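Beneath this line is the structure, given in structure tokens, with notes to follow.
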Amino acid sequence: MGKYVLKSLLQIIPVLFIVSLIVFILVRVTGDPVALMLPETATAEDRAVLTQALGLDQPLYTQYVKFLGSAIQGDFGQSFRYNQPALELVLERLPASFELAVAAMFFAVLMAVPLGVISAVKRNTFTDLIISGISVIGKAMPNFWMGIMLILLFSVMLGVLPVSGRGGLSHLILPAFTLGVGLAAQMTRLIRSSMLEILNQDYIRTARSKGLGRMVVIVKHAFRNGLIPVVTIMSLQFTSLIGGTLITETVFSWPGLGQLLVVAVNTHDMAIVQAAVFVIAFIVVIINILTDVAYRLLDPRIKYD
Amino acid sequence: MKKRQWTGLWITLLAVVMVLSACGGKSTSTNDSSATEGTGSGSASTILTVAAATDIESFDPHNNNNTSSEAVLVNVFDYLIKNDSEQKKVAGLATSWDQVDDTTWRFKLREGVTFHNGDPFTSADVKYTLERVAKDETLKQNSYFKNIVEVKAVDDYTVDIITDGPDPLLLNRLSKMGAGILPAKYIADKGFDAFLKQPVGTGPYKFSKWTKDDRVELVKNENYFDGEPKWNEVVFRVIPEASTRVSELLAGGVDVASSIPSTDIARIEGEADKKIVKAPIQRVLQLIFRQTEGSITADPKVREAIDLAIDKQGIVDSIAGGAGIVTRTSVTPGNFGADPSLYKTSLYDQEKAKQLLQEAGYAEGEAEMTISVSAQYKEQAEVVAAMLEQAGFKINLDVLEASAFSERYSSKSFKEIFMIGIGNSLFDASNNYNRYMLEEAKGESDYNNPEVEKLLQSALVNMDPASREKEYQQVQQIFSEERPAVYLYQMEGVYGTNAKVNFAPRSDEMFYADEITPVAQ
């Protein structure tokens with residue numbers, strides 16, 4: 001087990017290296033930050049001075065070697081826009097994104113578990129059909145559109161929840177629900193098929209034939225085992241939530257990593273784009289390892305080689 | 001064994017959720033309640049909440065280059081000279097100023113002013129501030145101030161500002177971002193990073209809190225030299241998504257919301273307690289032509305045909321929701337050197353455009369050209385292209401994402417035409433015309449007219465306002481004939497407000513909190 005973790009951790013290094021190389025090249029070939037930083041009336045000379053001051057006049061490989069050298073020491077350069085270390089800005093935003101991701105996951109589980117179990121138990125009935133229908137709609141509905149609709153209903157018309165920004169729990173409800181619905185839709189279907197498979201297993205029939213009540217069998221025997229694949233999916237979804245909340249964060253002006261990244265791309269703030277993508281990649285890799293470990297712990301049939 | 005692990009996992013997850021939601025709730029619950037209190041009905045409104053689409057960049061007035069930053073920062077930092085709402089120069093931290101000789105101006109400073117930390121404001125602060133922005137080439141405002149050679153502190157309340165040559169724009173420079181006076185002693189004691197975390201100015205509002213991409217919170221400076229400020233607290237919220245900004249206004253979360261999309265104007269006007277207010281801003285949408293030998297647009301007849309083929313008022317009405325003023329010059333009223341005869345007027349004659357194009361030797365569809373435009377003006381460009389095609393042109397529309405456009409712009413690699421909205425933060429015609437001077441025009445428009453060159457060079461150093469104004473007006477008349485650019489319209493800022501505040505937007509797009517007043521109830 002320890003050996004497995006160590007091996008996985010070592011694999012992070014080449015992954016992050018490749019990510020850094022790709023991001024570095026992409027942000028440099030897509031535009032010139034100097035042009036966005038100076039006023040329209042700046043002269044060619046002003047541009048040359050600033051380009052030099054930022055080290056952007058040097059060849060790409062020199063810039064990359066320099067970048068990599070400092071990145072290893074945790075220095076991802078200064079944000080042009082904020083004039084502050086990029087990594088610091090990215091880390092400042094992580095709690096907001098994390099909070100949103102956890103809350104979205106919470107909503108998703110809250111909705112998906114009962115719906116998934118019910119539709120499995122009542123398979124091929126009218127209830128099952130309705131639940132399947134809802135989850136298809138939930139999956140198909142674009143996040144931003146749903147966000148705007150929820151704002152109109154709960155904030156503008158009913159006036160019960162705040163429109164945007166990060167504040168108390170009440171600010172969390174709409175964006176977390178928006179993000180959670182898509183997830184829940186996916187999880188509902190997964191739980192349904194996983195439960196169906198288990199309900200057909202021999203040990204369930206044995207339990208029933210021993211005279212145990214229907215509810216007892218579903219809750220104590222089937223449900224617990226039915227959740228194993230769901231946990232894996234949950235953690236994988238969580239990583240995509242951390243990086244993928246861009247649109248939802250923008251709609252609700254939630255000051256998280258997604259919004260920082262959107263603004264950084266628009267203003268061509270290279271250091272922030274690099275640091276943010278790097279941090280997201282790092283989180284994804286770590287969570288993947290943790291998922292693997294958790295999965296192996298849960299299911300003893302899987303070997304640790 | 002298995003069972004225990006399961007339970008453990010669930011408990012951990014639950015604990016994480018609870019801890020996180022508790023953290024989120026606690027840390028921000030205070031500002032949450034204050035924000036709603038201020039905008040709620042009933043009690044006296046003492047909190048002003050303004051929503052903008054973009055956040056400030058930092059509290060360093062020298063290293064900022066966007067209007068939305070300055071709009072906030074003017075409440076914290078004062079200038080030596082202020083622009084009033086009509087862009088007239090009035091006393092700020094300087095009470096009077098005189099020109100000593102061609103390169104020296106003397107300023108008398110206001111006495112008894114203190115910074116927010118209690119330090120007195122003196123000539124040392126002016127010297128530190130202006131020399132920093134003039135000398136540090138990496139600062140974004142440096143290009144506006146680098147002609148200042150030295151700032152001499154004559155005594156505690158008198159300074160001489162010396163420029164490297166005659167500079168008719170010095171007063172304009174001192175009344176814009178980059179000239180916000182910083183506390184020299186505070187920065188010397190604590191360092192610049194500490195200053196950025198806890199900025200201190202002499203302005204009517206003091207820094208309280210900045211949550212990036214969320215809000216800037218300012219509180220009243222009780223000791224402001226110009227009398228007690230009107231609001232106890234001013235909150236600038238960042239809401240990039242336009243529909244969310246509108247919803248926030250409708251739900252009563254903000255008092256003023258800027259950049260209202262034209263499609264939402266009617267919806268806001270339909271609400272009983274909401275208003276739409278507009279004001280022309282310093283930005284003129286225009287087409288700039290390449291006049292390099294061999295380019296189609298080098299032919300004056302083609303340029304005239306383009307001008308005549310475009311129905312500018314039509315674009316204002318259809319795309320801008322009426323928020324625009326047609327013009328034949330980019331030097332609009334309120335800017336030094338404006339020629340009012342060319343303002344609020346435009347030419348449009350499709351038939352004559354077709355005829356001109358024929359005279360220039362192009363049959364229908366033969367005059368092919370590319371218009372490059374940044375995505376933000378995509379709709380306007382599409383309408384322009386359609387109108388030009390109607391007149392017989394063949395247009396390739398090249399819509400670029402903002403940073404790609406910027407790069408092509410600075411590398412001067414557009415083809416026949418690029419479409420751009422150009423602002424003017426100095427309120428002076430030189431800002432509009434420097435690009436047509438030989439040196440700068442090279443490779444971009446390749447505009448070359450010795451007479452214009454002479455006028456522009458002279459106006460750059462002419463210290464006599466009356467004759468300088470004439471020079472720029474002459475240039476405008478020449479431009480209206482030669483058309484190195486075709487002007488579509490001056491844009492207007494569109495704001496939504498609630499009925500509890502009186503807000504008259506300014507052409508410089510600043511939010512001076514004390515110019516926004518609560519409506520007496």
Side-chain angles (χ1 to χ4, degrees), chain A residues 30-44 46-47 49-50 53-54 81-84 89 92-93 95 98-99 102-103 105-106 148 151-152 155-156 159 162-172 224 231 250-253 255 259-260 262-263 266-268 294 297-298 300, chain B residues 1-3 5-6 9 16-17 20-21 23-25 28-29 31-32 35-36 54-55 57-58 60 63 65 137-138 140 142-144 196 211-215 237-241 243-244 247-248 250-253 401-404 406-407 409-411 420 422-423 425-426 431 434-435 439-440:
Chain A
T30 48
D32 177 13
V34 172
L36 285 172
M37 285 165 74
L38 287 171
E40 287 121 348
T41 48
T43 62
D46 296 332
R47 282 191 280 270
V49 168
L50 193 60
L54 296 172
R81 184 158 171 264
Y82 291 120
N83 226 348
Q84 232 181 305
L89 286 159
E92 254 173 36
R93 298 303 181 86
F98 202 67
E99 179 184 310
V102 170
M105 188 57 79
F106 179 75
I148 291 171
I151 288 176
L152 281 180
S155 311
V156 178
V163 177
S164 64
R166 185 176 177 221
L169 268 179
S170 60
H171 284 88
L172 195 55
R224 218 167 56 201
V231 168
T250 308
V251 168
F252 290 96
S253 46
Q259 216 195 339
L260 179 75
V262 169
V263 176
N266 283 336
T267 53
H268 227 87
L297 284 175
L298 292 172
Chain B
M1 174 65 192
K2 207 165 157 191
K3 185 175 176 179
Q5 277 163 355
W6 266 112
L9 198 77
V16 171
V17 171
L20 275 169
S21 11
C23 287
T28 40
S29 60
N31 67 49
D32 182 31
T36 40
T54 44
D55 198 5
E57 293 184 357
S58 77
D60 182 350
N63 204 17
N65 184 35
E137 288 178 330
T138 62
K140 291 175 194 165
N142 172 263
S143 64
Y144 289 112
L196 287 180
T211 313
K212 289 192 195 78
D213 278 337
D214 185 29
R215 64 184 69 213
R237 298 225 10 222
V238 187
I239 307 175
E241 173 63 36
S243 67
T244 311
S247 292
E248 204 50 280
L250 294 178
E401 180 259 322
S403 66
S406 283
E407 191 185 8
Y409 177 80
S410 62
S411 64
I420 186 172
I422 297 184
S425 66
L426 283 175
N431 232 22
N434 286 350
R435 69 168 58 244
E439 205 48 43
E440 277 297 302

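Source: prediction; values computed, not measured. Numbered from 1 within each chain, the chains take letters A, B, ... in sequence-line order.
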Polar contact flag, side-chain donor to acceptor under 3.5 angstrom, Thr250(A)-Gln259(A): no

Asp214(B) meets the salt bridge (Lys or Arg N to Asp or Glu O under 4.0 Å) criterion, sequence neighbours left out, with none

Okay, Thr138(B) and chain A: the region with an atom under 4.5 Å from a heavy atom over there is both

Looking only at heavy atoms, the pair that brings Ser164(A) and Glu248(B) closest together is OG-OE2, 2.6 Å

The interface call for Val263(A) against chain B, heavy-atom contacts under 4.5 Å, is side chain

Note: vs chain A, highest number of non-hydrogen pairs under 4.5 angstrom among Ser425(B), Ser243(B), Ser247(B), Ser411(B) is Ser247(B)

In terms of heavy-atom pairs under 4.5 Å with chain A, the winner among Asn142(B), Asn63(B), Asp213(B) is Asp213(B)

By salt bridge (Lys or Arg N to Asp or Glu O under 4.0 Å), Asp55(B) pairs with (sequence neighbours left out) none

